[in-house]
Structures are given as structure tokens and as C-alpha cells.
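Scope of the values below: all heavy atoms of this structure, side chains included, with no hydrogens, waters or symmetry mates. Naming convention: chains lettered A, B, ... in sequence-line order (proteins, then strands); numbering from 1 in each chain.
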Amino acid sequence: MMPKKPANPTAKLSVAARAVEANRRLAATYPEARCALDHQSPLELLVATILSAQCTDARVNIVTRELFRRYRTAAEYAASDPAELEELVRSTGFYRNKAKHIREACSLLVRDFGGELPRTMEELLTLPGVARKTANVVLGTAFGIASGVVVDTHVGRITGLLGLTRQTDPVKIEAGLERLLPRDQWIPFSHRVILHGRAVCIARRPACARCVLADICPSRQD
DNA sequence: ATCCCGAGGG
DNA sequence: CCCTCTGGAT
């Protein structure tokens, strides 16, 4: 008999099959996966998501606790004192841009949408500081509309490591993932990958030894 | 491609 | 010190 060689499932799975299998395992591993940004309304989720750029969700949640107490409506954000808003969001980084985006987006919400959040990608993209990632979060989590996969830094990194995409442009990554996964999995998949990125497949030091995807991951490090 | 920008981990 | 954190606009 030939000595038994270690199986190499990576080579046997098509990209599509690997995407589905990865999602299946992540679903089993993180049954509780959901949006980790604290919020009680679509507006609060929009603000939290704008603040989440290049910042941990834990930090965003610390900041929004006070922020949401101070401002309740789009009109209140729009009328806020710029310096005061900047100070409240300061610790999330990029604080001048973020404060400006919140103020300007809320002004536009008041002017064009009656102070409410619109429910289409096209309309959300008219808001300053809102691109596809933020719009997909708001549509998917606040409104239950599976508009697209949320491609943040974790989803971009991990889907690349898994060989689910060769793209680096988040819009192209998103389009590819949406061809690999059924629509009703787009948002849950995003949340699971983000959790996995925080807990196991950490950017600085991926913990492949305790990763449920290690045997189907082309980038596994031993 | 570059800028915005604070906080925490190694 | 360097890298990364649920990006977006110019």
C-alpha cells in the first residue's frame, strides 16, 4: 500500500464550493453573529457605521453611547455645533471628516428625505460619507434588505486569504462574492466573517491552529 | 494614489 | 516603533 498522504481539500473544491463550505462552517461556529454596532434606529446605525471607518466597533460603541444621548434626530445632528460634534467623535479617528459627514448627511436627510433614512442603495449613496459598505450595512441590518455583501477590511482580507477573490477593489470583491453566495446569506456571511476576523483570522497574527477553515484555506500557515 | 487621524496590540 | 481597526472622498 502507498503511504497515505494528507488530503488536500483546497485543491478539490471549486471557488464556489469553497465559499459555500466556508459560510456553512462559519454559520455553525458563530450562530450568534450579528451587527456589533450598538443602535436603536436606522439613523443611529448610519451614524455608528460612518464612525466605524478604520476603528474598532468597541470604540464606536463607547462614543455613540454619549452621542446618541445628545442627538436624537437628523435635524439635531444637522443643527449641531461642529466643534462639539468633532469632540464627541474624536477618539474614533478621522474625526473632522466623520463629524462633517454626519452633519452633511443629516442635512441632506432633512432636505431630501423628510429626516428619515431612504431604503435604496441609489438614495443612500447620495449621502456624504456613505459608500457601498455603509449602505449595505444600513440596508441589511436596519431594513432587512439584502442589498449586497458588506466588504470591510475583515471581509476583504479574509476572502482574499481564502482564495474567494483575487480583487483588491472592494466593489469588485463584493460583486464576486455575490456570485458565489445565495442572496439570503449575504448579510449573515458578512457578520460571520467580521467576527472571525476579530476572533481568529486576526490581521496581525492569524490563529490558523484554531481556525475551522484551515483545511480549505490556501493561505493556511502552520 | 493620497489624505484623513486616534487608540490599542505586539 | 510599526501595524491595524466593520472607509470614503479627492
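Remark: A/Arg205 is not in phosphate contact with B/dG10, judged by side-chain N or O atoms under 4.0 Å from OP1 or OP2.
At distances below 3.5 Å, at least one donor-acceptor pair connects side-chain atoms of A/Glu76 with backbone N or O atoms of A/Arg72. Counting only distance, with no hydrogens or angles, the side chain of A/Glu178 and the backbone of A/Trp186 share no donor-acceptor pair below 3.5 Å. A side-chain donor-acceptor contact under 3.5 Å links A/Asn136 to the backbone of A/Gly148. Looking only at distances, a side-chain donor or acceptor of A/Arg157 sits under 3.5 Å from a matching main-chain atom of A/Cys201. Side chain of A/Thr126 to backbone of A/Glu123: a donor-acceptor contact under 3.5 angstrom is found. Judged by distance alone, the side chain of A/Arg103 and the main-chain N or O of A/Ser80 form a donor-acceptor pair under 3.5 Å.
Here, B/dG8 and C/dG8 have their P atoms 24 Å apart, quoted to the whole Å. With P as the reference atom, B/dC4 and C/dT6 are 22 Å apart, rounded to whole Å.
Applying the 6.0 Å contact sphere to CD of A/Glu84 captures more than 12 heavy atoms from other residues, nucleotides or ligands.
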| field | Heavy-atom protein contacts under 4.0 Å, nucleotides 4-10 of chain C, coded B base, S sugar-phosphate only, - none | value | SBBBSS-

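Contacts with DNA chain B (heavy atom under 4.0 Å) in residues 171-185 of chain A: none are found.
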Can you give me every donor-acceptor pair (side chain of residues 25-34 of chain A, partner residue at least two apart or in another chain, under 3.5 Å) with its distance?
unit_1  : atom_1 : unit_2   : atom_2 : d
A/Arg25 : NE     : A/Glu21  : OE2    : 2.7
A/Arg25 : NH1    : A/Val212 : O      : 2.8
A/Arg25 : NH1    : A/Asp215 : OD1    : 2.6
A/Arg25 : NH2    : A/Glu21  : OE2    : 3.3
A/Arg25 : NH2    : A/Asp215 : OD2    : 3.3
A/Thr29 : OG1    : A/Arg25  : O      : 2.7
A/Tyr30 : OH     : A/His196 : ND1    : 2.6

